[in-house]
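Worksheet: the structure to be examined is printed underneath.
Atoms within a ligand are numbered from 1 in the order they appear, just like the ligands themselves.
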Amino acid sequence: MSQLIFVATCDLAGKVRGKAFPAADLERRLKCGVGWTPTNVQINCFDGIADGPFGSLGDLLLIPEEFLDVTADFGTHVERLMLGNIVNLDGEPWALCTRALLESALNRLEHVGGIRLLAAFEHEFQLRNGSGLVGEGFGRAGFEAQRRLCETLISQIESAGIKPDSIMKEYGSDQYEVVTGPKEGLRAADEAVILRELTRSTARAHGEAATFTPIRDPAGVGNGVHIHMSFLNPDDSPATYDEDGPGGMSDLTSAFAAGVLKYLDSILALTAPSVVSYLRLTPHRWSAAYNNLGFRDREASLRICPVTAKDPRAIAKQFNIEYRAADAAACPYLALAAVVHAGCQGIEEKLVAPEPTEEDLSLLSPEALAERGFIRLPETLEAALERFETNRTVTGWFPDSFADVYCAHKASEITHLSEMDTKARCAAYEATY
Ligand code: GLU
Ligand code: MG
């Protein structure tokens with residue numbers, strides 16, 4: 001049987017789309033890729049096509065990256081996936097290729113901060129068929145019910161060259177969480193894409209269906225994506241920690257964090273980009289509702305994480321901050337690009353992070369919040385898109401056409417759901433993510 005390789009991009013909708021070709025043609029395809037169409041960028045997560053500037057015109061290539069080649073052998077069948085870059089016919093990166101957008105954010109970070117990013121992703125997902133067991137938040141029975149699935153997933157992750165950290169039965173019903181180790185920026189986002197696909201494939205191979213939807217049921221918990229970030233100097237020494245800095249942050253970390261907080265309301269449409277994302281981003285869900293920096297506080301959008309190391313050098317290596325206002329409706333390249341750009345902006349503007357909070361901000365009145373410089377984050381996708389679209393600084397981080405294309409894309413997704421109630425919207429996202 002001819003083996004097929006599926007070469008894919010992770011697009012504006014956070015969907016992994018591409019085409020397959022015979023493995024025997026790989027050498028040729030590494031040079032010429034497969035044909036791709038500009039308007040594909042306007043296919044929303046429900047397969048509607050938004051208005052866009054391209055129409056039926058234009059041609060692109062989706063070229064597989066040799067080192068992003070994943071073979072998942074499930075015994076009964078083998079799935080081979082390669083991630084790639086979208087380029088123009090002359091081989092130059094296409095302006096709206098999400099991987100290229102992240103690359104340019106990471107280049108900016110090196111340029112303005114002289115640092116490189118290390119990132120580690122935590123992913124929460126739910127099994128749609130599930131065991132239905134109750135009382136199993138972090139429970140052993142909940143874990144054992146899916147031990148084989150978890151073990152297959154970890155094996156697949158390892159075979160893909162990704163370092164697993166841990167896997168657990170999360171708090172929500174049929175909810176699991178898988179955590180992978182830190183990698184440099186672009187690779188970290190590549191691995192997030194691969195991890196989601198391996199999770200979906202593994203679930204299928206076990207007769208299950210995994211969903212990464214931001215929230216299945218407003219009465220239940222959400223599925224978050226938490227992005228841990230730390231920085232490296234050019235000599236690879238850690239640049240994140242300063243024992244005398246506030247909460248342990250170096251000046252660079254403080255400026256980066258301050259930039260993320262300042263622009264958070266305007267980047268949310270890129271990191272929490274579905275209509276139901278905003279059901280998750282409400283107080284007391286351990287997600288993110290305000291633009292606050294928390295010291296070991298899971299209700300913070302940006303959290304200073306604990307360290308277990310004891311000696312200063314090990315602490316400096318382990319120290320990291322965590323962005324919690326993301327979910328898996330977001331393309332990892334785009335979400336990370338938005339956060340990195342916001343951080344770069346903070347470095348450029350020489351911002352200083354506010355005092356980390358260790359309290360419940362939902363108890364404060366709007367006046368008290370405002371006095372302390374906090375805002376409630378946008379509460380709908382429409383509101384988040386408005387903040388994005390009207391913030392010239394933020395849209396300026398991206399190529400000229402990006403903001404218009406992205407907002408039209410999201411508008412078509414919103415229209416698709418306009419006649420549905422909350423339950424139907426949750427069901428629609430659960431099915432597509
Ligand atoms: N499920 C929560 C979220 O939506 C996160 C819970 C946790 O801290 O792991 O982000
Ligand atoms: Mg979790």
Exercise. Is it true that R128 and E208 have a side-chain N and a carboxylate O under 4.0 angstrom from each other?
Worked result: no
For this session: Starting from atom 4 (O) of ligand 1, locate the nearest protein heavy atom and write down its residue, its atom name and how far away it is, to 0.1 Å.
Result: R280 NE, 2.6 Å
Problem set entry | Modelled atom types, side-chain donor and acceptor of Q318 and R313, under 3.5 Å | no
For this session: Answer yes if the side chains of T199 and T202 hold a donor-acceptor pair under 3.5 Å, and no otherwise.
Result: no
Exercise. Is the shortest N/O to N/O distance between H226 and ligand 1 below 3.5 Å?
Worked result: yes
Exercise. Would you find more than 12 non-hydrogen atoms of other residues, nucleotides or ligands less than 6.0 Å from D251 atom CG?
Worked result: no
For this session: Taking only heavy atoms of E177 into account, list the atoms of ligand 1 that are under 4.0 Å away from them.
Result: 9 (O)
Seminar exercise, completed: Under 2.8 Å from the Mg ion (ligand 2), the protein N, O or S atoms found are E124 OE2, E170 OE2, E177 OE1
Exercise. Stepwise, does the salt bridge (Lys or Arg N to Asp or Glu O under 4.0 Å) test hold for R187 with E191?
Worked result: CA-CA 6 Å; R187 175 72 198 180; E191 290 190 358; 2.8 Å; yes
Problem set entry | Short N-O contact, E177 and K169, less than 4.0 angstrom | no
Problem set entry | Within-cut-off N or O pair, E122 and ligand 1, under 3.5 Å | no
For this session: Below 4.0 angstrom from a heavy atom of R285, which ligand 1 atoms are there? Numbered from 1 as shown, please.
Result: 2 (C)
For this session: Enumerate the atoms of ligand 1 whose separation from the nearest heavy atom of R324 is less than 4.0 angstrom.
Result: 5 (C), 7 (C), 8 (O)
Exercise. Quick one: does Q175 get an N or O within less than 3.5 Å of an N or O on ligand 1?
Worked result: no
Problem set entry | Distance, nearest 0.5 Å, that separates OG1 of T395 from CD of E389 | 9.0 Å
Exercise. Would you say the side chains of T180 and D165 form a donor-acceptor pair under 3.5 Å?
Worked result: no
Exercise. Is any NZ, NE, NH1 or NH2 atom of the basic residue among R80 and D69 found under 4.0 Å from an Asp or Glu carboxylate oxygen of the other?
Worked result: yes
Problem set entry | Which of the ligand 1 atoms, numbered from 1, are nearer than 4.0 Å to a heavy atom of W286 | 2 (C), 3 (C), 5 (C), 8 (O), 10 (O)
For this session: Using a strict 4.0 Å threshold on nitrogen-to-oxygen distance, state whether E110 and R116 make a salt bridge.
Result: no
Exercise. Any idea which atoms of ligand 1 are less than 4.0 Å away from a heavy-atom of R298?
Worked result: 8 (O)
For this session: Please say whether G222 places an N or O atom under 3.5 Å from an N or O atom belonging to ligand 1.
Result: yes
For this session: Output yes when the distance from some N or O of ligand 1 to some N or O of S287 is under 3.5 Å, and no in every other case.
Result: no
Problem set entry | Parallel, tilted or perpendicular: rings of F125 and F212 (30°, 60°) | tilted
Exercise. Under 3.5 Å, is there a donor-acceptor pair linking the side chains of S301 and Y323?
Worked result: no
For this session: Could you find the nearest protein heavy atom to atom 6 (C) of ligand 1 and give me its residue, atom name and distance?
Result: E124 OE2, 3.4 Å
